[in-house]
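Accompanying notes for the structure given below.
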Amino acid sequence: MIVETEAYGGFTDSASHAFKGITKRNLAMFGQEGRAYIYFIYGSHHCLNLVTKNEGEVGAVLIRAIEPAVGVDIMRKNRNVNELTSLTNGPGKLCDALAINLTLDKVDVTLPSSPIMISSRAGPERKVASSPRVGITSAIRRKWRFYDSDSEFVSRARLIYP
DNA sequence: CTCGTGATTGACT
DNA sequence: GTCAATCACGAGC
C-alpha cells in the first residue's frame with residue numbers, strides 16, 4: 001500500500017526532471033499517462049514514478065514509501081533487511097524490495113498483465129499530510145510531498161523548513 | 001536518536 | 001568535472 005508520494009510537474013517546476021526538457025532518461029515523463037517512469041540515481045538506486053499527465057501536459061508522481069502487504073519474505077531477501085518498517089520506507093528501498101529496475105521503465109501500470117500494476121484499494125479513510133519534497137534544492141516552498149501521517153511506513157527523511 | 005560521510009553511475013556543463 | 005527526487009553505516013549524545 002502506497003503511503004508516501006511526491007508530485008512533480010513539467011516546465012514550471014524547477015525541481016522536476018522534466019524542467020530542462022526531454023532527455024533519454026526522462027523520456028517517459030513526456031509519454032503516456034499510466035506508465036512508469038523509472039530512473040537510476042546516485043550511482044546505485046532506482047526510483048519509481050507514475051506518469052500522470054498526457055497530451056502536452058507533463059507530470060509524474062514519485063512513490064516514496066509503501067507498506068508491505070504481500071511478498072514480505074521476497075522483499076526481505078531482495079533487501080537483506082529484516083525490520084519490516086525499514087523494508088520499503090524510501091524510494092530506493094522500495095524499488096530494491098520489489099526488484100524494480102530500468103528494464104521496467106515505461107511499462108503500463110494499469111494492466112493486470114504488467115510486471116507492475118497499481119490499483120485503488122478499499123479501506124478506511126486516511127489522514128494525508130503534506131510537506132516540502134525531500135532531497136531537492138529548488139522549489140522548496142511547494143509542499144508537494146504527501147503522506148499518511150499515521151503510517152509507520154513513511155520515510156524518515158529529515159525535513160528542513162525555511 | 002541525530003548527524004556526517006562514502007559509494008557509485010549517468011547526464012549535463 | 002560536477003552533481004544528483006538515496007542509502008548504509010559509524011560516531012557521538
Side-chain angles (χ1 to χ4, degrees), chain A residues 1-54 57-68 71-72 74-107 109 116 118 128-162:
Chain A
M1 181 173 65
I2 295 170
V3 296
E4 178 179 345
T5 63
E6 283 176 0
Y8 285 89
F11 300 109
T12 59
D13 180 6
S14 61
S16 171
H17 286 176
F19 184 66
K20 291 182 179 175
I22 298 177
T23 66
K24 184 179 178 185
R25 177 186 165 191
N26 69 16
L27 184 61
M29 274 194 85
F30 296 87
Q32 195 178 344
E33 65 184 354
R35 305 284 184 127
Y37 163 44
I38 297 164
Y39 63 85
F40 185 64
I41 190 71
Y42 293 116
S44 55
H45 302 292
H46 299 278
C47 290
L48 169 67
N49 295 251
L50 312 179
V51 180
T52 55
K53 295 282 190 178
N54 234 351
E57 293 195 291
V58 179
V61 170
L62 171 68
I63 308 303
R64 281 196 57 85
I66 64 175
E67 176 176 338
V72 172
I74 298 172
M75 289 192 274
R76 284 199 168 109
K77 207 169 179 179
N78 288 345
R79 289 258 301 126
N80 198 25
V81 161
N82 281 318
E83 177 62 38
L84 193 62
T85 53
S86 54
L87 205 51
T88 56
N89 64 336
K93 294 180 186 181
L94 71 90
C95 283
D96 209 12
L98 298 174
I100 289 170
N101 58 53
L102 290 182
T103 65
L104 301 177
D105 191 37
K106 303 188 191 73
V107 299
V109 302
I116 303 174
I118 295 169
V128 180
S130 66
S131 77
R133 292 170 291 184
V134 176
I136 59 169
T137 55
S138 66
I140 56 177
R141 290 183 57 165
R142 289 176 170 170
K143 302 203 317 193
W144 283 2
R145 171 181 177 241
F146 302 96
Y147 58 99
D148 180 343
S149 53
D150 292 325
S151 175
E152 300 296 311
F153 297 92
V154 301
S155 73
R156 307 194 334 185
R158 192 166 64 116
L159 293 178
I160 304 167
Y161 286 82

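Throughout, protein chains are lettered first and strands after them, A, B, ... in sequence-line order, and every chain is numbered starting at 1.
The aromatic ring of A/Y8 is stacked on the base of C/dA5, with the two ring centres less than 5.5 Å apart and the planes inclined by under 30°.
We find that NZ of A/K24 is positioned 14 Å from C1' of B/dT9, with the value rounded to whole Å. Taking atom NE2 of residue A/H45 and atom P of nucleotide B/dA7, one finds them 13 Å apart after rounding to whole Å.
Across every non-hydrogen atom of A/L48 and A/C95, the tightest pair is N-SG, 3.6 Å.
Between A/T137 and A/G92, it is A/T137 whose nearest contact on DNA chain C lies nearer the 5' terminus.
Consecutive pairing runs in DNA chain B reach the stem threshold at B:1-7 with C:6-12, B:9-12 with C:1-4, where a stem means at least three Watson-Crick or G-U wobble pairs with distances under 3.5 Å.
Within 6.0 Å of the CD1 atom in A/I118, the count of heavy atoms belonging to other residues, nucleotides or ligands exceeds 12. A 6.0 Å sphere centred on NZ of A/K106 holds more than 12 heavy atoms belonging to other residues, nucleotides or ligands.
The nucleotide whose nearest atom lies closest to any side-chain atom of A/F40 is, among C/dC7, B/dT9, C/dA5, B/dT9. Considering only side-chain atoms of A/N49, the nucleotide from B/dT8, B/dG10, C/dA5 that sits closest is C/dA5. Listed nucleotides: C/dT6, B/dA11, C/dA8. Nearest to the side chain of A/R25: B/dA11. Considering only the side chain of A/M29, C/dA5 comes nearest among C/dA5, C/dC7, B/dG10.
Although no hydrogens or angles enter the test, the distance criterion places no donor-acceptor pair under 3.5 Å between the side chain of A/D13 and the main chain of A/Y8. In terms of modelled atom types and a separation under 3.5 Å, the side chain of A/R79 and the main chain of A/L87 share a donor-acceptor contact.
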